[in-house]
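In what follows, a structure is listed as structure tokens, so that the remarks can point back to it.
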There are 2 protein chains.
Amino acid sequence: MLHVAEAARVSVATVSALINGTATVSPELSARIEQAIRDIGYKRNAIARSLKMGTTRTIGLTVPHITNPFFTDVVSVIQQAFDRAGYAVMLCCTDEDLNTQDDQIRLLLDRMVDGLIVARVGDGAILKRIVADANVPVVLLDRLCEGVDTDAVVLDNQRAVFDAIRYLINLGHRRIGYITGTSDISPMHDRMTGYCEALQAAGLPVLEELVRSGNFHEIDGYNATMQLLSLHDRPSAIFSANNPMVIGTMKAIRDIGLSCPEDISVACFDDFPWSDVFQPQLTTVAQPVQAIGEQAANLLLDRLGGDRDAPPRKLVLKGRLMIRDSCRPVAALVQSANA
Amino acid sequence: MLHVAEAARVSVATVSALINGTATVSPELSARIEQAIRDIGYKRNAIARSLKMGTTRTIGLTVPHITNPFFTDVVSVIQQAFDRAGYAVMLCCTDEDLNTQDDQIRLLLDRMVDGLIVARVGDGAILKRIVADANVPVVLLDRLCEGVDTDAVVLDNQRAVFDAIRYLINLGHRRIGYITGTSDISPMHDRMTGYCEALQAAGLPVLEELVRSGNFHEIDGYNATMQLLSLHDRPSAIFSANNPMVIGTMKAIRDIGLSCPEDISVACFDDFPWSDVFQPQLTTVAQPVQAIGEQAANLLLDRLGGDRDAPPRKLVLKGRLMIRDSCRPVAALVQSANA
DNA sequence: AACGCTAATCTAAACGTTTCGATCATGTCA
DNA sequence: TGACATGATCGAAACGTTTAGATTAGCGTT
């Protein structure tokens with residue numbers, strides 16, 4: 001900028017005024033300055049600007065796994081939304097690891113991001129403190145955090161799973177295996193509650209042997225399913241509360257020599273792009289990823305736009321049961337078993 | 001930092017020296033300073049540091065679509081690699097749009113990223129100039145760019161497709177439909193070449209009617225497949241040079257009342273996590289995503305680590321044909337048609 | 001006692017912006 | 001003609017660091 005100012009024989013203040021339109025500058029000087037900018041190929045240094053302005057027009061986004069199709073989609077939507085608004089987004093993946101997440105959030109805060117969207121992992125105690133200390137707006141994504149009273153957008157997980165399990169019960173299933181992630185995050189807890197309530201509503205017992213938990217990865221789903229399938233009286237249906245784990249479920253079913261939906265019904269949380277082109281077409285509960293991403297972005301952009309002190313808004317969206325053909329009535333199962 | 005210095009009754013220079021370990025400071029003052037840091041909860045401002053140091057420990061990463069599983073995986077690997085190295089990554093998705101990409105690269109450069117990893121879109125002319133102007137190291141990912149002589153990691157696309165098409169030919173296929181993306185990017189060009197060479201090597205003609213191109217999206221694959229399937233003498237196999245488009249291919253096959261692999265064989269570029277759990281298990285050419293991501297990250301980290309003037313390195317990795325069961329010998333097709 | 005050496009500390013300038021208040025010319029009004 | 005508002009421009013301080021070079025104190029040599 002100094003060079004531009006010299007070349008145009010004006011002060012840096014005038015150059016700044018012209019670039020930002022913060023003051024009127026005469027046509028004559030404008031022309032000279034613009035010429036100099038072109039000659040020199042000047043680009044404003046956003047870092048210096050950030051230092052002075054106290055704002056970086058950058059936000060931080062942390063998710064557990066970008067390869068989980070739910071997060072892939074949401075990240076994509078959020079990225080687009082902020083791109084449109086002229087913000088850059090720094091992406092971090094925590095791999096469901098608490099310490100990693102803390103480090104990453106600190107890294108983002110050090111870099112003075114203007115805001116944060118976080119799908120928290122693990123216990124939220126530290127997150128709570130970090131959020132309190134840093135005075136940047138935070139929106140919680142997908143997962144709530146006890147004691148952190150801030151904007152959030154989540155799914156009505158309990159209801160979504162309730163509907164899915166009820167659907168299975170209506171098909172005649174009585175022993176429904178349930179595979180969950182670690183229960184220290186709100187969606188897993190709520191989904192579990194939905195499972196229990198659906199069973200209870202139908203007068204069915206919640207059996208400990210039918211519930212298995214893993215750490216969100218495919219291998220965990222595989223192991224959990226293996227355990228369920230080796231039960232003396234194995235379940236006639238399995239619901240996986242997490243998408244990557246359902247891949248493990250399908251592989252376990254295949255490896256043990258069974259097939260879905262002929263021998264066992266399967267449903268899971270989170271839809272994915274391939275769900276309706278391959279067999280079996282999986283019955284899933286789909287989250288409104290587009291809306292979730294957009295709402296999260298809007299919540300943050302609103303805060304960034306000024307209204308810092310408005311009470312936190314918590315958006316709860318509805319899931320949608322996508323009934324396809326990975327679940328069969330139990331009658332059909334019995335029939336095929338007799339055949 | 002000023003506050004810390006005051007509280008510890010030392011100069012800011014001493015505080016800086018202690019924090020960065022750039023000079024020895026007496027145990028006594030160290031203790032006072034550390035105490036003050038804790039009391040105040042001081043965090044170094046990375047923006048101010050960047051301004052002074054001329055480095056942000058942040059890199060920019062632009063890809064066409066994060067929802068394309070190839071890029072999802074690669075982005076994930078790259079993000080992890082830089083995270084380990086203490087770098088933040090700013091992610092941009094260009095949606096295969098040339099102007100978007102230019103804008104985003106400028107945005108990243110304005111923010112003084114230390115380096116850039118770009119899977120370019122469209123014609124590389126502007127990219128070329130931008131890269132020349134900005135003197136940050138750039139590594140090209142997946143797609144080369146004519147005239148831009150810089151580090152790169154790409155696949156041997158030609159060979160990979162050659163192998164896949166030869167496989168189809170060996171199965172007896174003579175009319176092989178080919179669906180490509182827009183041909184202005186190197187992988188699409190090279191893959192097309194691989195297709196042509198495989199045909200020629202087998203003494204088969206390259207028929208224009210069997211080649212369709214689209215803009216990388218599912219809908220494009222759908223339309224292209226519809227056209228191929230409505231041909232008077234329809235192809236017995238279809239190869240899709242891009243992953244999202246193959247979903248469209250499968251949907252089109254289903255919608256037209258055919259099934260794969262019974263009526264038509266399908267193979268495509270890029271593997272995905274579900275490829276071996278659902279039916280038909282798709283035959284794909286898998287890219288070594290882990291290696292690609294890591295190599296790209298290493299290339300850039302090496303430059304960042306100092307060696308700015310070493311000659312550009314271009315890494316060419318090999319694809320791997322994952323033979324599953326979406327392709328059948330033509331004999332079988334004839335047989336089932338007669339049955 | 002004067003000297004030089006080392007280690008610890010500090011002062012102050014820089015990095016590239018933004019912005020407040022000052023300056024200065026110009027035109028308007030009484 | 002003097003007072004004064006207006007509009008354009010500028011000087012300089014500030015944002016929070018890093019760092020070169022200055023300063024100081026302590027200590028061993030001669």
Side-chain angles (χ1 to χ4, degrees), chain A residues 1-37 40-58 86 88 106-107 109-114 133-136, chain B residues 1-37 40-58 86 106-114 133-136:
Chain A
M1 186 137 123
L2 182 61
H3 296 118
V4 171
E6 280 168 359
R9 304 185 307 281
V10 298
S11 76
V12 290
T14 310
V15 177
S16 177
L18 176 65
I19 290 176
N20 299 307
T22 50
T24 45
V25 359
S26 69
E28 188 191 358
L29 291 203
S30 295
R32 287 221 305 267
I33 293 171
E34 274 158 8
Q35 184 60 48
I37 287 178
I40 297 184
Y42 166 79
K43 303 246 75 192
R44 173 166 71 191
N45 182 320
I47 295 294
R49 176 166 224 260
S50 293
L51 177 59
K52 184 64 189 170
M53 306 277 277
T55 170
T56 52
R57 285 195 88 75
T58 300
R106 261 187 274 268
L107 178 98
L109 256 16
D110 283 355
R111 285 188 173 54
M112 304 232 321
V113 291
D114 290 344
D133 287 356
N135 60 346
V136 302
Chain B
M1 185 135 125
L2 182 60
H3 297 119
V4 171
E6 279 168 0
R9 304 186 305 281
V10 298
S11 76
V12 290
T14 310
V15 177
S16 177
L18 177 65
I19 291 176
N20 299 306
T22 50
T24 45
V25 359
S26 69
E28 188 191 358
L29 290 203
S30 294
R32 287 221 307 267
I33 293 171
E34 274 158 7
Q35 185 60 48
I37 287 177
I40 297 184
Y42 166 78
K43 302 248 74 194
R44 173 167 70 190
N45 182 320
I47 294 294
R49 177 165 223 259
S50 293
L51 178 59
K52 183 65 190 169
M53 307 276 278
T55 170
T56 51
R57 286 193 87 75
T58 300
R106 261 187 274 268
L107 178 99
L108 292 170
L109 256 16
D110 282 356
R111 284 185 172 58
M112 304 231 323
V113 290
D114 290 344
D133 287 357
N135 60 346
V136 302

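Chain letters run A, B, ... following the sequence lines, proteins first, then strands; residues in each count from 1.
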Do B:Arg44 and B:Asn20 pass the side-chain contact (heavy atoms from CB on, under 4.5 Å) test, and can you show the C-alpha distance, the side-chain angles, and the key distance before you say yes or no? CA-CA 11 Å; B:Arg44 173 167 70 190; B:Asn20 299 306; 2.5 Å; yes

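Atom NE2 of B:His3 and atom C1' of D:dC15 are 12 Å apart (whole Å). B:Arg44 places its CZ atom 9 Å from the C1' atom of D:dT17, with the value rounded to the nearest Å. Between the CG atom of A:Asn45 and the C1' atom of C:dC15 there is a distance of 9 Å, given to the nearest Å. What separates CG of B:Leu51 from P of C:dA13 is a distance of 17 Å, to the nearest Å. Here the P atom of nucleotide D:dC10 and the CD atom of A:Glu6 are 13 Å apart, to the nearest Å. The interatomic distance linking A:Met112 (CE) with D:dC15 (P) rounds to 13 Å, in whole Å. Summarising the geometry, the separation between CG on B:Leu2 and P on C:dA12 is reported as 14 Å, rounded to the nearest angstrom. Between A:Arg57 atom CZ and C:dT17 atom C1' there is a gap of 16 Å when expressed in whole angstrom units.
With the nearest nucleotide of DNA chain C identified for both B:Arg9 and B:Ala48, B:Arg9 has the one nearer the 5' end. When each of B:Thr24 and A:Lys43 is assigned the nucleotide of DNA chain C bearing its nearest heavy atom, the one mapping closer to the 5' terminus is B:Thr24.
An angle of 70°, rounded to 10°, separates the two end axes of the helix from C:dA1-D:dT30 to C:dA30-D:dT1, each defined over five pairs.
Closest heavy-atom contact between A:Ile33 and A:Leu18: CG2-CD2, 3.5 Å. A pairwise comparison of heavy atoms in A:Ile47 and A:Asn45 identifies N-OD1, 2.7 Å as the closest pair. Across all non-hydrogen atoms, the minimal contact from B:Ile40 to B:Ala7 is CD1-CB, 4.2 Å. Counting all heavy atoms, side chain and backbone alike, B:Met1 lies closest to B:Ser16 at CE-CB, 3.4 Å. In this structure, B:Ser50 and B:Thr56 approach most closely via the heavy-atom pair OG-CA, 3.4 Å. Shown here for B:Ser11 and B:Ala5, the closest heavy-atom pair between the two residues is C-CB, 3.8 Å.
Counting only heavy atoms from C-beta on, A:Val25 has its side chain closest to D:dT9 among D:dT19, D:dA14, D:dT9. Of the listed nucleotides (D:dC15, C:dT18, D:dT19), C:dT18 has the atom at the smallest distance from the side chain of A:Arg49. Distances were taken from every side-chain heavy atom of B:Lys52 (C-beta onward) to each of C:dA14, C:dG16, C:dT19; the shortest belongs to C:dA14. Listed nucleotides: D:dT17, D:dC15, D:dA8. Nearest to the side chain of B:Tyr42: D:dT17.
Between B:Ser26 and C:dA7 there is no side-chain polar atom (N or O) within less than 4.0 angstrom of OP1 or OP2.
Interatomic distance, CG of A:Leu51 versus CE of A:Met112, reported as 7.0 Å (0.5 Å rounding).
Looking only at side-chain heavy atoms (C-beta outward), B:Ile37 and B:Ile19 come within less than 4.5 Å of each other.
Contact check of residues 10-20 of chain B against DNA chain C (heavy atom, cut-off under 4.0 Å) returns B:Val10, B:Ser11, B:Ala13, B:Thr14.
The backbone N or O of A:Arg57 lies less than 3.5 Å from a partner atom in the side chain of B:Arg111, making a donor-acceptor pair.
Counting non-hydrogen atoms under 4.0 angstrom, B:Leu29 reaches the backbone sugars and phosphates but no base. B:Met1 comes within 4.0 angstrom of a nucleotide base, judged by non-hydrogen atoms across all strands.
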